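A short worksheet on the structure shown next.
The chains referred to below are lettered A, B, ... by the order of the sequence lines, with proteins before strands, and numbering in each begins at 1. This one's a predicted model, so the numbers in the text were calculated from it and none came from an experiment.
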Amino acid sequence: VSGLATVRIRERGQIVIATVEGEVDLSNRDGLTTQLVGAVANSATGLMLDLSGLEFMDSSGVHMLYELADRLATRQQRFAVVLPPNRPPRRAIELSGVAPERWLHGDTASALAALGT
Amino acid sequence: VVGGDFYDATELGDGRVAIAIGDVAGHGVLAACASPTPAIPRRSCAARTAPWSASPARSATRWGAERARSTCRPTSSSRSATRCCSTRTGWWSGAARSSTREGIDRLAERLGASPPDPEAVCEGIESALEPGLGDDVAILALVRAPMADEEMRVVVLAHPDELADLRRRVGAWLAAQGAGRTEREDVVLAVHEAAMNAVEHAYGPADAELTVTAAMRDGAVVITVSDEGRWREPRDARRGRGRGIMTAVMDHVTIDTGPRGSTVTLIRRLEGAG
């Protein structure tokens, strides 16, 4: 648990799968970032962040996703976010005026394919 | 169903509501018969009672529509009559314990983290209770629901932990104005972003405050977020997304910065539906 959010972490082969439910905002984004980065061992090939059950994410949470993408890219690890269309956090990303990112996926299958599993 | 525990809520007719809750020590028919106040119509806690709601028409603007809901679940159901008497002390000490300052603080902490739903509030408190309080637990949760056309004014500390509560209150107010689901999500996000900007640039010593007002004007929501500091245009482009979100979801966004603080005004026409 990271403040307003509940985090579940499991592994699937070389991939780390993190499911975040609840809400992500300024109060818990730093703690969440640390928790997620810490969950991905150097031996892992990538992180799938499942936000399908997330009810709210603000611009600081959107910023967190870009930060995670950068950090994992530096470690040469892949990154995929699952966020179905019409979920509030997906709207937050779209509304913040950035181009669709290649790490953003509408479902688990597409995210896992991008992670090479 | 025989049960001594009860709650009641009665409109006093002048905009006030009287609330009573009774928890009879012990169990069984004798305890039920010993329950006080037989003269008022009471709602037994033994059966999960339907929510009680004051009529908005009678309860005037000061109170809005009140909703009360009770949940009472025995924490231990197999007690003998003799055991009953001996638990009386335990019951009183339990009640005394929960009335201490520490208990009130813990209660406030729990409520702060709960959505404004009576059922969830009761469950939250129940799960936080120390085991072995000695008797049944009766909780009466009263939620003050905002009314349509009622204006709202909320003052919160300019602290990240306050933002979730602000979102829930704005969301509940928008629902009372007939806003649809997407409208609520959009407007709540915009208000949050405006408030977050003020929190991130919390000024000077601690305990700075944020004031949020909300009103309906000709079918549009007009929400202001005021702080005592200065609006800062974010330097880092990535951190500047909040402004983009506000402009994208609202019809009008204005930011007034004066020597005594900044006010962000957010306006959006409501379509309802959804």
- Message: As a quick check of understanding, evaluate side-chain contact (heavy atoms from CB on, under 4.5 Å) for B/R167 and A/D25, giving each step before the final call.
- Response: CA-CA 11 Å; B/R167 292 200 294 274; A/D25 71 5; 2.8 Å; yes
- List the steps, then state whether side-chain contact (heavy atoms from CB on, under 4.5 Å) holds for A/R91 with B/T182. CA-CA 10 Å; A/R91 206 157 152 71; B/T182 310; 4.0 Å; yes
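Heavy atoms from other residues, nucleotides or ligands lying under 6.0 Å from CZ of A/R10 number 12 at most. Counting heavy-atom neighbours within 6.0 Å of A/R78 CZ, excluding the residue itself, gives a total of 12 or less.
A salt bridge between B/R168 and A/E23 is present, with a side-chain N of the basic residue lying under 4.0 Å from a carboxylate O of the acidic one.
Here the closest heavy-atom approach between residue B/D186 and residue A/L95 is recorded as OD1-CD1, 4.3 Å. For the pair B/I245 and A/A92, the tightest heavy-atom approach, listed with the atom from each and the gap, is CD1-O, 3.9 Å.
Atom-to-atom distance recorded for A/L26:CG and B/M196:CE is 6.0 Å, nearest 0.5 angstrom. To the nearest 0.5 Å, the span separating CD on B/E185 from CZ on A/F56 amounts to 10.0 Å. To the nearest 0.5 angstrom, B/E193 atom CD is 7.5 Å from A/S60 atom OG. The CD atom of B/E162 sits 10.5 Å away from the OG atom of A/S27 when rounded to the nearest 0.5 Å.
Residues meeting the side-chain hydrogen bond (donor to acceptor under 3.5 Å, both in side chains) test with B/T224, sequence neighbours left out: B/T213.
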